[in-house]
There are 2 protein chains.
Amino acid sequence: MYEKKIPKSFDCGFSVLMEIIGGKWKSYLLYLIDQGVRRPTALQRAIPSASRRVLDLQLRELESHGILQRKIYPELPPKVEYSLTPFGESLLPVIASMDRWGEKHLAQFEQLVKQKPVEPQPHGG
Amino acid sequence: MYEKKIPKSFDCGFSVLMEIIGGKWKSYLLYLIDQGVRRPTALQRAIPSASRRVLDLQLRELESHGILQRKIYPELPPKVEYSLTPFGESLLPVIASMDRWGEKHLAQFEQLVKQKPVEPQPHGG
DNA sequence: TCGGATATGGAAAAAATTGTCCGTATCCGA
DNA sequence: TCGGATACGGACAATTTTTTCCATATCCGA
């Protein structure tokens, strides 16, 4: 893994949450796992635009953060299933509320982004 | 500014929210502005560990996303004040709920992170 | 033996974000 | 004129995140 040069400090709750779900695909992974898509390959097929590597890395991070549990079945070919821990499940309402806000304001946001970004104000008349 | 090579798509509400508050200091800036710290220099003094440059950039992004309003006073030396738009204010409850979750689970998270990350499972009989 | 399924890792490139350093401009006071 | 306050921008470096590419291992079936 990549080793950070600047240590992280979690001085507020927000930074803790962002450390946990900040990765590009993490919230989507949690959503899919909650929907029953549990195996790495299935998750990769469900998110084809993400690289296999990052999905693995982010799943492992979620595991190391106590959000997911990883269960290995001693079969061949190997079988692995991820599931949400109770800690992970406590996260779902927060993610849902984030998602709801975004859904609700999506149209407004897209409109704003489409516009010319800045209309200059008169400056020091 | 840096020009993105891969265009972003906002396929879910979550990604919209993350586009808006994903920057390293954005939520903190919103918090401080809501608390009445409105001027760029004051915000920089309030977040000494962030560089002046990034704070400016993120304030401008928040403005271009319709979250903040920037008001220029035609004085010298120049005076600028940021304030939350109604759109920005609608964001506060979401950020607060994110922060609450983090506060609530901070201790548990720190414990998990302190531990050795992985205890290997037996693998294939 | 070869290619498919499974799961995963290392190394390095690419992309994105954040930080550093220097420069602009204006007025005030020493 | 010089340094301070204000606010801001460009160019580039440093850091972090994500992607790409190549590799391992095992069993099954052709």
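Residue numbers start from 1 in every chain, and the chains themselves are labelled A, B, ... in the order their sequence lines are given, proteins ahead of strands. Predicted model only: the values in this text are computed from it and were never measured.
- Taking atom CZ of residue A:R45 and atom P of nucleotide C:dG4, one finds them 15 Å apart after rounding to whole Å.
- Separating the CG atom of B:D56 from the P atom of D:dG9 is a distance of 7 Å, rounded to the nearest angstrom.
- Applying the side-chain hydrogen bond (donor to acceptor under 3.5 Å, both in side chains) test to every pair with at least one member in residues 25-38 of chain B, sequence neighbours left out, gives these pairs: B:K26-B:E61.
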Could you give the side-chain donor-acceptor pairs of residues 6-14 of chain A under 3.5 Å, partners two or more places apart or in another chain?
unit_1	atom_1	unit_2	atom_2	d
A:K8	NZ	A:E19	OE1	3.1
A:S9	OG	A:D11	OD1	3.3

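- Between the CD atom of B:E61 and the C1' atom of D:dC8 there is a distance of 15 Å, given to the nearest Å.
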> Between B:V80 and B:R39, is a side-chain contact (heavy atoms from CB on, under 4.5 Å) present by the stated rule, with each step listed?
Replying inline: CA-CA 6 Å; B:V80 167; B:R39 299 188 61 186; over 6 Å; no

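- With rounding to whole Å, B:R70 atom CZ is found 12 Å from D:dG9 atom C1'.
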Donor-acceptor pairs under 3.5 angstrom involving side-chain atoms of residues 81-98 of chain A: please list them, not counting sequence neighbours.
unit_1	atom_1	unit_2	atom_2	d
A:E81	OE1	A:Y73	OH	3.2
A:T85	OG1	A:G66	O	2.6
A:T85	OG1	A:I67	O	3.1
A:T85	OG1	A:F87	N	3.3
A:T85	OG1	A:G88	N	2.9
A:S90	OG	A:F87	O	2.6
A:S90	OG	B:W101	NE1	3.2
A:S97	OG	A:V94	O	3.0

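- Across the protein-nucleic acid pair, B:E63 atom CD and D:dG9 atom P stand 10 Å apart, rounded to whole Å.
- For the pair A:K79 NZ and D:dT26 C1', the computed distance is 17 Å after rounding to whole Å.
- The shortest non-hydrogen separation linking A:L55 to A:L43 is CD1-O, 4.1 Å.
- Looking only at side-chain heavy atoms (C-beta outward), A:L112 and B:H65 stay at 4.5 Å or farther from each other.
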Protein-nucleotides 16-23 of chain D N/O pairs closer than 3.5 Å?
unit_1	atom_1	unit_2	atom_2	d
D:dT16	OP1	A:I6	N	3.0
D:dT16	OP2	A:K5	N	2.7
D:dT17	OP1	A:K8	NZ	3.4
D:dT18	OP1	A:K24	N	2.7
D:dT18	OP2	A:Q58	NE2	2.7
D:dT19	OP2	A:W25	NE1	3.1

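- The pairing partner recorded for C:dA30 is D:dT1, the criterion being a Watson-Crick or G-U wobble arrangement whose two distances lie under 3.5 angstrom.
- Taking atom CD of A:E81 as the reference point, atom P of C:dT8 lies 12 Å away to the nearest angstrom.
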>> Across nucleotides 24-30 of chain C, 5' to 3', mark each nucleotide with B, S or - according to how protein heavy atoms within less than 4.0 Å reach it.
In response: --SS---

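- Within residues 26-40 of chain B, no residue places a heavy atom under 4.0 Å from DNA chain C.
- Screening residues 41-57 of chain B for salt bridge (Lys or Arg N to Asp or Glu O under 4.0 Å), with sequence neighbours left out, gives B:R52-B:D56.
- Side-chain contact between B:I33 and B:L59 is present, with heavy atoms from C-beta onward closer than 4.5 Å.
- With sequence neighbours excluded, the residues that form a side chain to side chain contact (heavy atoms under 4.5 Å, CB included) with A:A46 are A:L32.
- With rounding to the nearest 0.5 Å, the separation of CG in B:L62 from CD in B:Q69 is 13.5 Å.
- Note: B:M18 CE to A:D99 CG = 12.0 Å, rounded to the nearest 0.5 Å.
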